[in-house]
Amino acid sequence: MKLRSLFLFALGLLLFSYPLLYLPPGGLAQAVYLFAAWGLLIVLNRGLPSRGNEEEPR
Amino acid sequence: MARILIVEDEASIRLPLEYILRQEGHQVAWAESGEEGLRLAERLQPELVLLDLMLPGLDGFEVLQQLKARQKPPRVLILSARGREVERAKGLALGAEAYLVKPFGLEEMLAEVRRLLE
Amino acid sequence: MSLLLLILAYLALLFALGLWGEGRGRLRSPWVYTLSLGVYATAWTFYGSVGRATQDGVGFLPIYLGPTLGLLLWPFWLKLLRLAKRHRLTSWPDFLSARYGNDRLLGSLAALLLILGLLPYLALQLKAISQSFIYLQGSTGGPQPQPLEDVALYTALALALFTVLFGTRRLDPLERHPGLVLAVAFESLIKLLAFLVVAVFVLWKVFQLELSLPWETERLAPSLEAQFNWSMLILLSMLAFFFLPRQFYVMVVENEQEEHLRQAAWAFPLYLLLINLPVLPLSLAGLGLLPGLNPDLFVLALPLHLGSYELALLAFLGGFSAATAMVVVEALALSILISNTLLSPLVLRSPLQDPGQILLNLRRVTVVVLLILAYLYFRFSPEASLVQMGLVSFVAAAQLAPAGLLGLFWKEAGRLGVMLGMLAGYALWAYGLFLPGLWPEVFPGFASWFPGLDPVAQTAFLSLGANLALAVLGSYAFAKSKEEARQAQVFVLEQAPPAYQADWERVRPVLGRFLEAGVLEELARSPEGLEKAEALLAGVLGPASARLLMASVAQEAPRVEEVVEAVEAYRSLKELDQLKDEFIATVSHELRTPLTAIRSFAELLHMRPGMPEEERREFLRLLVEESQRLSRLVNRVLDLAELQAGPGLKREPLDLASLAQEALKLSAPLLAERGLGVETRLEPAILEGDHDRLLQLLLNLLSNAARHAKSRVWVRTYCEGGKSRLEVEDDGPGVPPEMREAIFESFRKLGKGGTGLGLAICRRIAQAHGGRLWVEGEEGARFILEVERGTDTHRGG
């Protein structure tokens, strides 16, 4: 769990900083890119629901 | 039928409970620690929780309190190896509906479960 | 006038909601929690972001990307939740003073600096309310109203009242206020909806009327400076999100279940994303349709310009809710902070009658004073944009981050280091941002140092860098007190908090009466020495007396000697009884477990005669297993009881080497069954003792080793310094240092299997022979029995 979150954090850091400056000119392109990256991180952070044991007999 | 959660760390006690309750047609889930129990209760929204008081980690009374603090608190049947009056009173005061002292009989337990699910 | 009515109606609604929620203390869902975190988005978001976007495009976004990144690390923040719950921490300064050796000075310092640092932020909210109110009233650009006619003042007072009513009703040790949280969550919803609705309306109008907009916005330049500013702002807001007092309050203090944070970790960034969607469209529309207007007012002005007063009112309400939620929660968090770190030590030390009530009243006064101060700051500070004012406070709050984060995750972090770091950080912050904000002519800040850099980013970098560097260096440079070292363990390793704090020099002579000198030295060096001392004393005096003794020693009471006398006189009478009672209680509990299982299995087989053969066989097998467990337990209990009764120990000359051989022969089948190799080095080691008992001890140690070994068991006997020794070692997982005494207590198990009595019996046997039994070893466990060496000539009876 902690490893996964560290990985996501590193990914987020990368997405939010580096490629931004090298997009084609225009502030709107930057905005679209940022919102897309943001949404991606939210989805990844939500992840899968945790696994349960309610149907295993023992 | 009803959704029932058993929170008990001793497999040998849990197993017969689980078996007989399933035979009665209930949906049964179990947890081995208080933390796990609370997590499952959050997810499964059981109608009834059979709760041992001596659990590894979170204490049974603590679990009881947190269960009862939920928005739709489940009914709680305490299974305790300590029959002392103080413990029983404390359990009931914290909102548990019933209290069984180990060793209890399965019929006795089933009767309590039926009563609580009515 | 309708505007005033709207404000009043909205406030009344909030009060009603607060009251309703207060009654339903349990109305807590993860969604309420997530929304309450939305108190992060203030009037700054609502009005300021649009203003900022007109200047540098996406430059408003780092403030929201930072928290998103920080929440990706949610598993790490769970630790903070746990610690705060366990230690009843209500703010970061609380945390700091507890973590760094219960140091009031550090907490007070952090609290004072936070209060100073957050005034601009509170002022910002009042300014936004005032600005938007004046604008809607139609007197744009006019002079500021007289204080008595200023709606911001009345709003400040109304909010103070609200905070006092819902935040300071009673002194709750957990500081939870469900009504208030519900109101805040509701406000988060209102501001989001208002913002979205206004944006949709504006865009719809723009397309309907085919107005032309500049469909382009400023872009972030690909320069090193821009990259630096951008990254620093992300880092800064990530830290501020976790270190602002109101965020600690809603995220940590009001957290009911850890699961809620897990949800908020994705749901709250989603909230932030949604509330930022309208920013760019609104700023573009504002630039195109209302050139020349203060861009901080676009959100209000656009609906008006496009002909809808109602939507302008809705926009006003959104901004108002953003501002009020922030003011209420921040004021409450700060007042708790002030009363807990600054006022309560004074009140509790004074001989006043009802300190609880006084604290509550002081807290109320604090809230009012804070809001009046914020109002004054807003009236008398020079013009600044909303975002600028907020960022100043962000940098201030972030100064707690080095001390807080190091304190959470780094055991070596020390009090002096983090205090120095914090002071340096705040000094640089004051010089670079706070003072230039008040007197720009006198204090130029760092602007002239690197002209290309944003002053906020620049100051954040310098102050946080200095802060962190000093904290780390100082932690290495200065020695830590014992108290600090212990608290570091409690916080970083999450060990149970020690029950006692005492000076070893005072405790030593008292404990010396009960414990050996060597043991005492060892305890004095260990961080939980006093807890271990109590455990050992409990073996001597029984738990209750041990507690009494330790408590009286540790509480710096002058009557230590008296207590010792009393205890010593008392113990011979009471102890035995009490020990016996306790033992019986534990035994009966341990017996009930297998008994319950046996009864259940038997009844099950009886009640369900038609059950499938396979299941029946499985249940029978378990039944037999539990019966064996029960009889094992009963045998052990009888053994122990017999040993405790005392007499009946034979004294005959024996050789540990030959005893070991005998035991190994008896255990051979068990060891072979597990495929374990045995290595022996058996030198003669004679003693006087009871053959059967010592054999029992050895068998127990061997079966214990067999249970835990991976592949190999060593048995050695030898003499050393007038003592005879026997060692049984295995290559299993070993015993962690903190468990090395506990495993010898009755019913202490290191995992499953075993009755929990075997080692207790072994130790009794060793003690009955006047010897010792203990465990050591880094890898694997090495049990050592040491007994006084016997002589061949001496023959005892």
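Reminder, nothing fancy here: chain letters follow the sequence lines and each chain counts from 1. Note that the structure is a prediction, hence the values are computed from the model and not measured.
Within a 6.0 Å sphere centred on CG of A:Leu3, other residues, nucleotides and ligands contribute 12 heavy atoms or fewer. Heavy atoms of other residues, nucleotides or ligands lying less than 6.0 angstrom from CZ of C:Phe60 number more than 12. Shown here is A:Phe7, whose CZ atom has no more than 12 heavy atoms of other residues, nucleotides or ligands within 6.0 Å.
Of all heavy-atom pairs spanning A:Phe9 and C:Leu69, the tightest one is CD1-O, 3.3 Å. Among all heavy-atom pairs drawn from A:Asn45 and C:Arg262, the shortest one is O-NH1, 4.4 Å.
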Could you pull out every donor-acceptor pair under 3.5 Å between side chains of residues 35-44 of chain A and any protein atom, sequence neighbours left out?
residue : atom : partner : partner atom : Å
A:Trp38 : NE1  : C:Thr68 : OG1          : 2.9

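When side chains are defined from C-beta on, A:Lys2 does not count as touching C:Trp74, because their heavy atoms never get closer than 4.5 Å. Inter-residue side-chain proximity for C:Leu72 and A:Ser5 is flagged as unmet; no heavy-atom pair is nearer than 4.5 Å.
Taken from CD1 in C:Ile234 to CG in A:Leu13, the straight-line distance is 7.5 Å, to the nearest 0.5 Å.
Contact of C:Leu61 with chain A is made through the side chain alone, with heavy-atom distances under 4.5 Å. Using a 4.5 Å cut-off between heavy atoms, C:Tyr64 contacts chain A through both its backbone and its side chain. Proximity to chain A (any heavy atom under 4.5 Å) is shown, for C:Leu272, by both the backbone and the side chain.
For C:Glu258, there are no salt bridge (Lys or Arg N to Asp or Glu O under 4.0 Å) partners, not counting sequence neighbours.
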